[in-house]
Amino acid sequence: MDKSPFNLYNQNSNTDSRIVAALERISQAFRIMLWKESKEFSLTPIQIQTLIFLLNHSEEKRTITYLAREFNITKATVSDTIKTLSQKELITKEYQQEDTRSYTISLTRKGHEIATKTSLFTKELFTPLKKLGTYEKENFLLNLIEIIHHLRKAGIINLQRMCFTCLHYRPNHSKGKHFCNLLNIKLGTTDLRIDCPEHEEKAG
Ligand code: SF4
């Protein structure tokens, strides 16, 4: 595609361009919904996203290095975010005994409360999704996963903890089209995960 999807002639004569334009609108909606939460709690969007990530991920992922990869930003930017969240008493740092320069980050009680409230910032999206049937949802989810997977392969987004990039994922297994070797279960399309706690990055 060498024509801009934002050129209205291209957009209105090409379905793919309209899909890209629609995804851009949705990404704009995410930014707006996040800003709304940010204003309410006097935090920036990245500070809110960091709190939500800390709320939902295990200790080994709650480090400066991991957060930098997660959000595709520099370690210096993450350090600034963590410093501000610490000054606001929303997080604490636990230094590692073997390396006193490294630490894991945890939410304080106040941080936990704000993260829990703000993590509902996408709630408006559930209204149209509830109207879709199972088959439509399966298709929708699979297509989104394929897009994310492509963006990962193209090097546009970094870390992904989804089945398609997992060491334990087996496509076209004798027991099912999608299979998890670790959990030893057949995965239906709607079981495919976007952010799996057991994910292990596949080499290559
Ligand atoms: S461990 Fe998680 S990400 Fe990996 S294949 Fe199994 S369900 Fe998917």
Side-chain angles (χ1 to χ4, degrees), residues 19-20 23 26-27 29-30 33-34 45-46 48-75 78 81-82 91 94 96 102-107 111-112 115-116 118-123 125-126 128-204:
I19 291 172
V20 172
L23 288 172
I26 290 172
S27 115
F30 270 94
M33 291 186 287
L34 199 51
I46 189 64
I48 297 265
Q49 285 173 299
T50 302
L51 292 179
I52 296 173
F53 184 87
L54 296 173
L55 176 70
N56 293 295
H57 293 86
S58 53
E59 199 172 307
E60 77 278 3
K61 296 186 178 89
R62 301 198 310 259
T63 65
I64 296 285
T65 305
Y66 202 95
L67 286 166
R69 287 184 71 202
E70 174 72 19
F71 295 119
N72 279 4
I73 54 178
T74 64
K75 285 190 198 178
V78 178
T81 303
I82 293 302
I91 57 113
E94 284 104 47
Q96 290 167 10
S102 303
Y103 56 84
T104 54
I105 307 151
S106 296
L107 293 172
H112 193 280
T116 305
T118 54
S119 62
L120 298 173
F121 81 96
T122 57
K123 60 180 179 290
L125 286 170
F126 286 88
L129 287 176
K130 274 186 195 138
K131 292 180 188 158
L132 299 180
T134 309
Y135 179 70
E136 290 168 306
K137 281 185 195 175
E138 273 183 10
N139 262 339
F140 193 20
L141 179 63
L142 195 57
N143 286 319
L144 289 174
I145 289 175
E146 294 284 4
I147 291 172
I148 298 166
H149 191 213
H150 171 78
L151 293 173
R152 162 82 173 92
K153 283 196 289 187
I156 293 169
I157 47 179
N158 267 342
L159 264 185
Q160 293 306 318
R161 293 173 293 275
M162 58 201 284
C163 293
F164 285 5
T165 64
C166 181
L167 182 69
H168 307 295
Y169 174 71
R170 293 288 174 276
N172 303 316
H173 189 274
S174 57
K175 292 185 185 164
K177 194 171 172 207
H178 311 287
F179 192 81
C180 174
N181 257 0
L182 180 76
L183 306 174
N184 196 26
I185 51 166
K186 172 182 157 183
L187 301 164
T189 305
T190 48
D191 300 320
L192 288 171
R193 296 182 181 183
I194 305 281
D195 189 351
C196 175
E198 280 88 25
H199 178 272
E200 280 185 68
E201 190 74 24
K202 186 167 58 178

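Sequence positions, counted from 1, serve as the residue numbers for this chain. Note that the structure is predicted; figures quoted are calculated from it, not measured. Whatever order the structure lists ligands and atoms in, that order sets their numbers, starting from 1.
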Quiz item: By number and element, which atoms of ligand 1 are closer than 4.0 Å to a non-hydrogen atom of Tyr169?
Solution: 5 (S)
Practice problem: Could you list which atoms of ligand 1 come closer than 4.0 Å to a heavy atom of Arg193? | Solution: 7 (S)
Quiz prompt | Name of the residue among Leu54, Ile52, Ile48 meeting side-chain contact (heavy atoms from CB on, under 4.5 Å) with Thr50 | solution = Leu54
Quiz item: Which atoms form the tightest heavy-atom contact between Tyr169 and Lys177, and what is the distance?
Solution: OH-O, 4.1 Å
Practice problem: Could you tell me whether Lys61 and Glu70 make a salt bridge, using a distance below 4.0 angstrom between a side-chain N and a carboxylate O? | Solution: no
Quiz item: Any idea which atoms of ligand 1 are less than 4.0 Å away from a heavy-atom of Cys166?
Solution: 1 (S), 3 (S), 4 (Fe), 5 (S)
Quiz item: Within less than 2.8 Å of atom 6 (Fe) of ligand 1, any N, O or S from Cys180?
Solution: yes
Quiz item: Does His168 put an N, O or S atom under 2.8 Å from atom 2 (Fe) of ligand 1?
Solution: no
Quiz item: If we only count heavy atoms from C-beta on, is the Glu94 to Tyr103 side-chain gap below 4.5 Å?
Solution: no
Quiz prompt | Side chains of Met162 and Arg152 in contact at under 4.5 Å (non-hydrogen atoms) | solution = no
Quiz item: In the protein, which heavy atom is nearest to atom 2 (Fe) of ligand 1, and how far is it?
Solution: Cys196 SG, 2.3 Å
Quiz item: Which of the numbered atoms in ligand 1 are below 4.0 angstrom from a heavy atom of Cys163?
Solution: 3 (S), 7 (S), 8 (Fe)
Practice problem: Compare all side-chain heavy atoms of Leu34 with those of Phe30 and state whether any distance is below 4.5 angstrom. | Solution: no
